[in-house]
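In what follows, a single structure is set out as structure tokens and then discussed.
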Amino acid sequence: MDIQRPRGTRDFLFDDMKERKQVEDTLRKVFETYGYQEIKTPLFEDLNLFTMKSGEGITEQIYHFQDKGGRDLALRPELTAPVARLYINELQKRPKPLKMYYFGSCFRYERPQKGRWRQFWQMGCELIGGRSPDCEAEIIAMSAHCLEELGLENFEIHIGNLGIIRGILDGAGVSKEEQDEIMAIIDKGEINELKSTLNKFNISDKISKILLTLVNMQGHQEIIEETKKIVSDNEDSLKALQELKELLDILEAFGFYKYTVNLGIARGLDYYSGVVFEIYVHDLGAQKQISGGGTYNLIELFGGGEVESTGFAFGFDRLMECVRLCGAEKELPNTVDVVVAPISNDEKFKAIEIAQKLRKEGIKTDVDLTGKKLKKILSQADNLQAEYVIMVGARELKENKITIKDMKSGNQELLLLSQIPIYFEKL
RNA sequence: GCCGGGGUGGGGUAGUUGGUUAUCCUACGGGACUGUGGAUCCCGCGACUCGGGUUCGAAUCUCGGCCCCGGCCCCA
């Protein structure tokens, strides 16, 4: 019987994992320099955690099941809700702001395609209990920092504030449900569908015109002034706009200018409330969004206190795709530094002894225990990109020596057993 | 869930107007070389995605499943 890997999942081989680990370590390092601490939540959670407030879209894509106790559980489709739950369960009384990051896989039952898998990894941060818009600026600047650290350049960071459009809709007396529907269509970017929906909800021509103008607003700081004129008679919108302006100013203090103000971004998940942002890499094709985030009020919805929180996550697999695409990969570390080669079976014990000494010094060492011929061992060592081979043979051992071969130059010399640690001090 | 393109040894491929034993490269194992790698030569290993149909005969035609790729929907 031939058992296949489930659809939409992947096996990662040695080099894949080396590359992924490098990217993971890079992000981890950046997050930690901003004072974020790692957390880990379960792979599955109570189904309600996700169905409650993540919006309709996501519930159809959830892997859910009942365990033997009849509990309705779900493989997590995202990590923001689990982190909010963790906060409410464990961290409510900690001093604020709380900065945390996570790295883990999520699951969605969807049709796989480029940049989309059924098991995928997210790496992101949540900043709970900070002040808006300062924490939003930090999060955005930090995500840009991550991308720069990875050597990526071809990304665009789009920033918007849902409060501007929500303010207009509130002012026009549009219900929460209708608003959500409208926001979903804006997120899609379907102008015609937006027009017909605005019509369907009997929204006045004047308001419709404002909305259609807003969703197309894209640019730099000048957008703020232009938008101010358009929404001048709506206080909530003006307030949201002012907040966005402040965010941009702070962002520039962080040293980041390469942003795009985009009032047309809405985010798929319903729990976002204020500032939202998305990062695109157009070369990726259809699944070009590598990150998204914003400010949300999940914690309140789950029965926690009234706490501002902002978060974002990288689609880790898409990030990997970018790194590959841009040729930004770093050199992969070698598998072993040294291979110890017993010339015959008689030297096997001695070879093991030498290998163990090296390993205890932290040197990546392989020792051949299969009784291969020296020729094969050298070939294998070459394949593993070992820097040195230590040949342990009867001739040398008679004088308490071994032969050490530098695999790059091909040079070799005799060494006393006692000198081996000294020889490798430089490694 | 929908549309389109695919699936041949471990990896990459040739072959598809149906017709002997399915091509080549590479990787791997062994040998030429009894203690010296990345070279050469020889030998070996190993595949038609799965199931049904048409046929004297199917990798090749046909139907369906599975999986992969690109796109839609949706999303990271």
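Note: hydrogens, waters and symmetry copies are ignored here, and every other heavy atom, side chains too, is used. Below, chains carry the letters A, B, ... as their sequence lines are ordered, and counting in each starts from 1.
Taking side-chain N and O atoms only, A:Arg7 has a distance below 4.0 Å to OP1 or OP2 of B:C68. In terms of phosphate contacts, A:Lys373 brings a side-chain nitrogen or oxygen within less than 4.0 Å of OP1 or OP2 of B:G31. Phosphate proximity of B:G37 to A:Lys375: present, with a side-chain N or O under 4.0 Å from OP1 or OP2.
One P atom belongs to B:A59, the other to B:G9, and the distance between them is 14 Å to the nearest Å. Distance check on atom C1': B:G46 versus B:G12 gives 15 Å, rounded to whole Å. B:C61 and B:G29 have their C1' atoms separated by 40 Å, with the value rounded to a whole Å. Distance noted for atom P between B:G57 and B:G52: 15 Å (whole Å). B:C45 and B:G5 are spaced 39 Å apart, taking the P atom of each and rounding to whole Å. Comparing the P positions of B:U26 and B:U13 gives a spacing of 16 Å, expressed to the nearest Å. The same atom, C1', is picked in B:C33 and in B:C42; the two are 13 Å apart, to the nearest Å. Look at the C1' atom in both B:A14 and B:C25: the space between them is 11 Å, to the nearest Å.
The partner of B:G7, taking Watson-Crick or G-U wobble pairs whose two distances both stay under 3.5 Å, is B:C66. With both pairing distances under 3.5 Å, B:G29 is matched to B:C43 as a Watson-Crick or G-U wobble pair.
In this structure, of B:G35, B:G71, B:C75, it is B:G35 that holds the atom nearest to the side chain of A:Ile343. Counting only heavy atoms from C-beta on, A:Arg111 has its side chain closest to B:G4 among B:A76, B:C33, B:G4. Each of B:G71, B:A76, B:U36 was ranked by its minimum atom distance to the side chain of A:Met391; first place goes to B:U36. For A:Thr403, whose side chain is taken as the heavy atoms from C-beta onward, the closest listed nucleotide among B:G37, B:G35, B:C75 is B:G35.
Counting any heavy atom pair closer than 4.0 Å across all strands shown, A:Glu110 reaches a base atom. As judged by a 4.0 angstrom heavy-atom cut-off over every strand, A:Arg5 is placed among residues making no nucleic acid contact. Residue A:Ala341 is classed as having no contact, given no heavy-atom separation below 4.0 Å to the nucleic acid. Using a 4.0 Å heavy-atom cutoff across all strands shown, A:Gly8 reaches sugar-phosphate atoms only and no base atom. In this structure, A:Ala381 reaches neither bases nor backbone, as no heavy-atom distance under 4.0 Å exists between it and the strands shown. Here A:Gln122 lies in heavy-atom contact (under 4.0 Å) with sugar-phosphate atoms only. A:Trp121 comes within 4.0 angstrom of nothing in the nucleic acid, heavy atoms only. In this structure, A:Gln287 reaches the bases: a heavy-atom distance under 4.0 Å links it to at least one base atom across the strands shown.
We find that A:Glu149 and A:Lys29 are not joined by a salt bridge, their nearest charged nitrogen and carboxylate oxygen being 4.0 Å or further apart. A salt bridge does not link A:Glu110 with A:Arg118: none of the charged nitrogens is closer than 4.0 Å to a carboxylate oxygen.
Side chain A:Lys405 to base B:U36: a donor-acceptor pair is found below 3.5 Å. Between the side chain of A:Glu396 and the base of B:G35 there is at least one donor-acceptor pair of N/O atoms closer than 3.5 Å. Checked by distance alone, A:Glu278 brings no side-chain donor or acceptor within 3.5 Å of a matching partner on the base of B:A76.
Using bins of under 30°, 30° to 60° and over 60° for the plane-to-plane angle, the ring pair A:Phe312/A:Phe314 lands in the perpendicular bin. Between A:Phe31 and A:Tyr101, the ring planes lie tilted relative to each other; the angle falls in the 30° to 60° range.
Once the 5.5 Å centre distance and the 30° plane angle are applied, the aromatic ring of A:Phe120 is found stacked with the base of B:A76.
When each of A:Glu243, A:Glu136, A:Glu308 is paired with A:Thr295, the side chain to side chain donor-acceptor pair (under 3.5 Å) condition holds for A:Glu136 and for no other. Applying ring pair (Phe, Tyr, Trp, His ring centres under 6.0 Å) to A:Tyr109 and the options A:Tyr63, A:Trp117, A:Phe65 leaves one that passes, A:Tyr63.
In this structure, A:Tyr109 and A:Gln119 both approach RNA chain B, and ranking their closest nucleotides by distance from the 5' end singles out A:Tyr109.
Side-chain rings of A:Phe12 and A:Trp121 approach one another, their centers coming within less than 6.0 Å.
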